[in-house]
Structures are given as C-alpha cells and as structure tokens.
Participant: 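Once you've had a glance at the structure underneath, I'll fire off some questions.
Quick note on labels: first sequence line is chain A, next is B, and so on, each numbered from 1.
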Number of protein chains: 2
Amino acid sequence: MVNQKNSLYLCCCKDIDYMAKSKGTKNLDTSTEEKIIQAASKVFTQKGYVATRTRDIAEEAGINLALLNYYFRSKEKLFQLIMAEKLQLLFSVILPIVNNDDLTLDEKIETLVENYINLLVDNPDLPLFVLGEIKANPEGFKDRLQVRKLLQNSSFVRQLRERKPDVEPVHFIVSLLGMTVFPFIAKQVLFADDNTFKMQMEERKVLIAKWAKIMLET
Amino acid sequence: MVNQKNSLYLCCCKDIDYMAKSKGTKNLDTSTEEKIIQAASKVFTQKGYVATRTRDIAEEAGINLALLNYYFRSKEKLFQLIMAEKLQLLFSVILPIVNNDDLTLDEKIETLVENYINLLVDNPDLPLFVLGEIKANPEGFKDRLQVRKLLQNSSFVRQLRERKPDVEPVHFIVSLLGMTVFPFIAKQVLFADDNTFKMQMEERKVLIAKWAKIMLET
DNA sequence: AAATATTTTAATCAAATGATTAAAATATCA
DNA sequence: TGATATTTTAATCATTTGATTAAAATATTT
C-alpha cells in the first residue's frame with residue numbers, strides 16, 4: 001500500500017540534509033527525489049509557474065507523473081521549494097557583501113558586481129523567473145521579501161549616505177542592479193549568440209564597477 | 001444567423017481606423033470591440049498570456065465569453081493584437097530618437113530617458129510583460145524584433161562609437177536601458193508605495209541622464 | 001525464502017478553460 | 001412595419017491538466 005504521509009516532503013527548506021532521509025544508504029532514493037528537484041528547477045525557472053505542467057517536470061526528470069505527486073504532494077509545494085532555493089541563491093550573494101563592515105564602498109561595489117554576474121551567467125533565467133513570480137503573486141512574498149528593510153540597515157547604504165548625502169541610496173542601488181541584471185532579462189532582445197553574451201558579461205564586470213564608482217564621485 | 005467572417009478582426013495592426021468599421025455611425029459597436037481590446041490589454045499585460053483566461057478578459061470588458069471569440073476568433077489572435085500594440089508603443093519612443101541626426105549624443109540621452117520614463121510611468125507593466133512573452137516564445141518574435149539591427153545602423157550607435165571607440169556601444173545602451181527600465185521590473189521588490197515610486201522616477205530622469213553622460217566622459 | 005515496507009506505474013477523475021453552437025435580442029434598412 | 005442583418009447570450013463541447021487510486025514491481029527485513 002502506498003503511504004504518502006511517510007516519506008513525504010513537507011518542509012520547503014532546501015538546506016535539509018537529503019542524505020539523512022529514512023534509514024538506509026539507498027541513494028537511488030534520494031536520487032529520484034533530487035532528479036525531480038533538478039527537473040522542477042529547470043522547467044519552473046525556464047517557463048514560470050503557470051506555464052509549467054507537472055507532466056513537463058516528470059518527463060524532464062524521467063519519471064512518471066504520479067511519482068511527482070507522491071514525493072511532493074502538489075505542484076504548489078514543489079514550486080515553493082524551488083522558489084525558496086532561488087531566493088536564497090540571490091540573497092546569498094547580496095547579503096554577505098552589503099553587510100560586511102570590513103569592505104570599503106568601492107570594494108563592495110566590485111565584489112557585488114563580480115559575484116552577481118558570476119551567479120547570473122550560471123543562472124541566466126533567475127531574474128525574470130523570480131521577478132515574474134513575485135509580480136504574479138505579490139502577497140505570497142510579502143513576508144519573505146524585506147529587501148528594503150535589509151538594505152536600509154546595511155553598512156552599504158550607510159556608506160552610500162556618507163559618500164553622497166544628497167542622493168537617495170535607492171537610486172544608486174537600482175542603477176547598479178539595473179546595469180548588472182538587466183542584460184540577463186533582455187538577453188533575447190539585445191544580444192546575439194550565447195558565447196558573445198558570456199564574453200560581454202565578463203567585460204561588464206569591470207565596466208559596471210568603473211561606472212558605478214564615477215557615479216559616486218560627481 | 002451569426003456570420004463570423006464578416007465583422008471579424010483579421011488584422012493585427014492597431015493603427016486601423018476603428019471608426020471606419022462597417023457602415024453606420026453606431027459607436028456602441030466599436031465601443032464593445034474597444035472595450036474588449038482595453039480589457040485584453042489590461043489583463044494580458046498584468047498577468048501574461050498563459051495566466052490570463054479569456055473569461056477574465058470578458059469579465060473585465062463586461063461582456064460574455066462567447067462574444068470575445070466572436071470578435072477576435074481566439075485568445076491567440078487577440079493577444080497578437082495587443083502585443084503588436086505594445087511593441088509599437090515601446091519602439092515609437094526609441095526609434096525616432098536614436099535615428100534623429102539633429103540631436104547630439106547628450107540630447108539623445110536626455111530625451112530618451114525623459115520619454116521612456118514617462119512612457120513607463122503610464123505603463124509600468126510593459127517591460128516585464130513584453131520581455132516575459134519574448135522569453136516564453138522567442139520564435140514568435142524572431143522576425144518582428146530586429147532591435148540589434150535597428151540600433152546598429154542608428155546615429156546613436158555611430159555617435160557612441162565616435163565618443164568612446166574602446167567600449168562596445170551595447171554596453172552603454174544596456175546600462176542606460178537597465179538604469180531606466182529595471183526599477184519598473186523590480187518595482188515590487190525595491191520600492192514601497194506607488195506615490196514615492198512615481199516621485200522617485202521623476203528624480204531618476206535627471207540622475208540617469210547625468211550619470212550616463214559622465215559614463216561617456218571617462 | 002517469506003513477510004513487510006517502499007517505490008513505481010497505468011488508468012482514471014474532476015476541475016478549469018478555450019472554443020463552438022444555436023437561439024434570442026437588437027439594430028438597420030426597404 | 002416587416003424583412004434582413006448584426007449583436008449578444010446561455011448552454012455545451014472537447015481538451016488540458018493537477019491530482020488520485022489501486023495494483024504491480026522492487027527493495028528491505030526477519
């Protein structure tokens with residue numbers, strides 16, 4: 001008999017140790033689960049929540065549709081898991097930097113741009129996916145997203161206020177993020193092939209850092 | 001009997017004179033059609049193609065679902081009409097400026113930022129909608145979107161090459177667009193209420209223009 | 001090996017949704 | 001006014017899709 005409640009994925013936090021599941025060292029087990037997560041991650045970020053069918057995910061994972069619901073109970077639950085993972089990925093790059101008191105403002109800018117472009121080159125679908133889902137369901141993110149609050153109290157914003165007291169820090173931050181993230185959002189429209197894109201994103205690292213710094217000088 | 005082919009909306013170009021439809025001066029007629037278009041424009045740009053149900057559009061327009069299919073034959077056709085309208089809206093701001101040989105580079109930057117922010121303040125959903133649909137169906141836009149080609153031959157790019165021969169114009173353009181468009185894409189995440197957002201977008205007009213110019217000086 | 005638990009599958013269900021149809025209501029014109 | 005054309009509606013269809021179920025296959029344990 002099928003016992004769904006038993007090995008079900010009730011927690012939405014990716015940080016849980018997958019290997020520590022049930023008793024044995026059966027890694028075909030976690031492998032199936034991981035295969036589903038990998039597939040869901042790919043399809044969701046590529047097509048967004050509404051456009052992805054659970055059948056797509058199952059096919060991508062090479063498993064049956066029912067198995068997906070057996071493991072994750074619903075499309076929604078699986079999505080929450082993936083989204084939490086992606087948000088953490090985005091935050092994990094920003095937060096340690098903007099809160100690092102040991103870095104100068106210029107160092108923060110350099111590190112931020114470098115790390116963020118690295119992240120986005122590996123996950124080019126991330127920005128449009130996350131921002132699209134937030135817009136599609138703002139209430140679902142109200143609690144999880146206090147980016148403004150987090151930035152407000154950061155040493156990054158403090159340093160920005162010191163350097164340019166006459167300009168709201170948000171303007172500089174939006175520009176920095178815009179220059180960094182926008183190419184990945186408008187990739188299809190503004191860039192030709194994937195190789196030159198990647199190359200040009202490498203070029204942008206130094207360009208954006210340079211531009212951002214002179215923006216703070218005037 | 002219903003004769004669908006007759007007053008059907010076969011053309012996807014919004015520029016056609018709606019008033020010139022059929023014989024009479026019945027403006028309740030075109031009003032219904034216009035109501036559907038307005039409703040479709042609102043719902044599509046807000047929720048995207050897959051997430052909008054034709055029933056949503058019908059309800060928003062205050063009409064019956066069947067009437068929508070009577071006028072526009074299918075969800076897809078109606079969407080094509082709206083999308084063409086939105087693309088034209090976006091291009092109508094960019095093209096006349098980047099191709100205007102009478103404007104200096106600095107004047108182009110100022111006008112571009114000013115006009116684009118004005119457009120986006122009135123149509124804040126536009127960027128995420130258009131870019132999202134392009135990503136969802138790149139093939140459907142292959143022919144319509146030759147933005148790269150259009151820019152390549154513009155006087156804007158020529159002026160950029162003259163001013164800074166060592167930097168690929170695309171980098172500057174992406175930065176300019178990023179600073180301008182990104183706040184509207186990340187609105188939900190980075191900005192508080194709608195009023196301060198609009199106010200800050202006004203502030204950005206001068207800021208972006210100033211920043212863009214100094215980016216070209218170094 | 002036998003018993004038990006877990007994993008996987010095929011078949012199916014129920015709801016949502018784009019589309020159609022035929023008839024009723026309204027307008028237009030002779 | 002009466003005939004004809006156009007507009008609008010309610011009811012219905014067919015497909016898609018998330019989810020469920022029960023049984024088969026596989027693994028685990030005793």
Participant: Centre of B/Phe197's six-membered ring, under 6.0 Å away, within 45 degrees of the axis: is that where NZ or CZ of B/Lys187 sits?
Facilitator: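 Positive - B/Lys187 is close enough to the ring of B/Phe197 and near enough to its axis.
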Participant: In whole angstrom, what separates B/Asp56's CG from C/dG18's C1'?
Facilitator: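 Taking CG of B/Asp56 and C1' of C/dG18, I get 12 Å after rounding.
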Participant: Is the closest basic N to carboxylate O distance between A/Asp56 and A/Lys42 below 4.0 Å?
Facilitator: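 Not counted as a salt bridge, because no side-chain N and carboxylate O are separated by less than 4.0 Å.
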Participant: B/Lys75 has an atom NZ; how far is it from atom P of C/dA16, in whole Å?
Facilitator: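 Going from B/Lys75 (NZ) to C/dA16 (P), I get 16 Å.
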Participant: So, is B/Thr32 close to the D/dT8 phosphate, meaning a side-chain N or O under 4.0 Å from OP1 or OP2?
Facilitator: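 True: B/Thr32 side-chain N/O within range (under 4.0 Å) of D/dT8 OP1/OP2.
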Participant: Would you say the side chain of B/Glu33 lies within less than 4.5 Å of the side chain of B/Phe72, judging by non-hydrogen atoms?
Facilitator: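 A side-chain contact exists here, since the closest heavy-atom pair is under 4.5 Å.
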Participant: Starting at atom NZ of B/Lys35, determine the distance to atom P of D/dT7, rounded to an integer number of angstrom.
Facilitator: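 Roughly 13 Å, once rounded to whole Å.
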Participant: With a cut-off of less than 4.0 Å, is there a side-chain N or O of B/Tyr70 near OP1 or OP2 of C/dT21?
Facilitator: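 It does not, given that no N or O in the side chain of B/Tyr70 lies less than 4.0 Å from OP1 or OP2 of C/dT21.
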Participant: Would you mind reading off the distance between B/Ile57 atom CD1 and C/dA16 atom C1', rounded to a whole angstrom?
Facilitator: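 Rounding to the nearest Å, CD1 of B/Ile57 and C1' of C/dA16 are 16 Å apart.
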Participant: So, is A/Asn69 close to the D/dT20 phosphate, meaning a side-chain N or O under 4.0 Å from OP1 or OP2?
Facilitator: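 No, A/Asn69 has no side-chain N/O under 4.0 Å of OP1/OP2 on D/dT20.
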Participant: B/Ser74 has a side chain; which of D/dT8, C/dA19, D/dG18 sits nearest to it?
Facilitator: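 That would be C/dA19.
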Participant: Using a cut-off of under 3.5 Å, enumerate the N/O to N/O pairs linking the protein to nucleotides 11-15 of chain D.
Facilitator:
none

Participant: Side chain of A/Leu67: nearest nucleotide among D/dA19, C/dT20, C/dT8?
Facilitator: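 Within the option list, the nearest is C/dT8.
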Participant: How long is the line joining CD of A/Gln80 and P of D/dG18, in whole Å?
Facilitator: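 These atoms are roughly 16 Å apart.
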Participant: Separation of A/Phe72 atom CZ from D/dT20 atom C1', in whole Å?
Facilitator: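 Taking atom C1' of D/dT20 as the reference, CZ of A/Phe72 is at 18 Å.
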Participant: For the pair made of CD in B/Glu59 and P in C/dG18, what is the distance, rounded to whole Å?
Facilitator: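 Atom-to-atom, B/Glu59 to C/dG18, this comes out as 13 Å.
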Participant: Do A/Phe191 and A/Met201 have side-chain heavy atoms sitting under 4.5 Å apart?
Facilitator: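 Counting from C-beta outward, A/Phe191 and A/Met201 do come under 4.5 Å.
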Participant: Taking CG from B/Leu68 and P from C/dG18, how many angstroms apart are they, rounded to a whole number?
Facilitator: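 Value for this atom pair: 10 Å.
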Participant: Given B/Leu90 and B/Leu119, is the side-chain contact (heavy atoms from CB on, under 4.5 Å) satisfied, shown in steps?
Facilitator: CA-CA 8 Å; B/Leu90 286 171; B/Leu119 172 70; 4.1 Å; yes
Participant: Side chains of A/Lys205 and A/Asn118: any donor to acceptor distance under 3.5 Å?
Facilitator: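 A donor-acceptor contact under 3.5 Å links the two side chains.
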Participant: Are B/Phe79 and B/Tyr49 an aromatic pair by the rule of ring centers under 6.0 Å?
Facilitator: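 Ring-ring flag for B/Phe79/B/Tyr49: true, centres closer than 6.0 Å.
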Participant: Indicate whether OP1 or OP2 belonging to C/dT17 is found under 4.0 Å from a side-chain N or O atom of B/Thr54.
Facilitator: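 Checking B/Thr54 against C/dT17: no side-chain N or O falls below 4.0 Å of OP1 or OP2.
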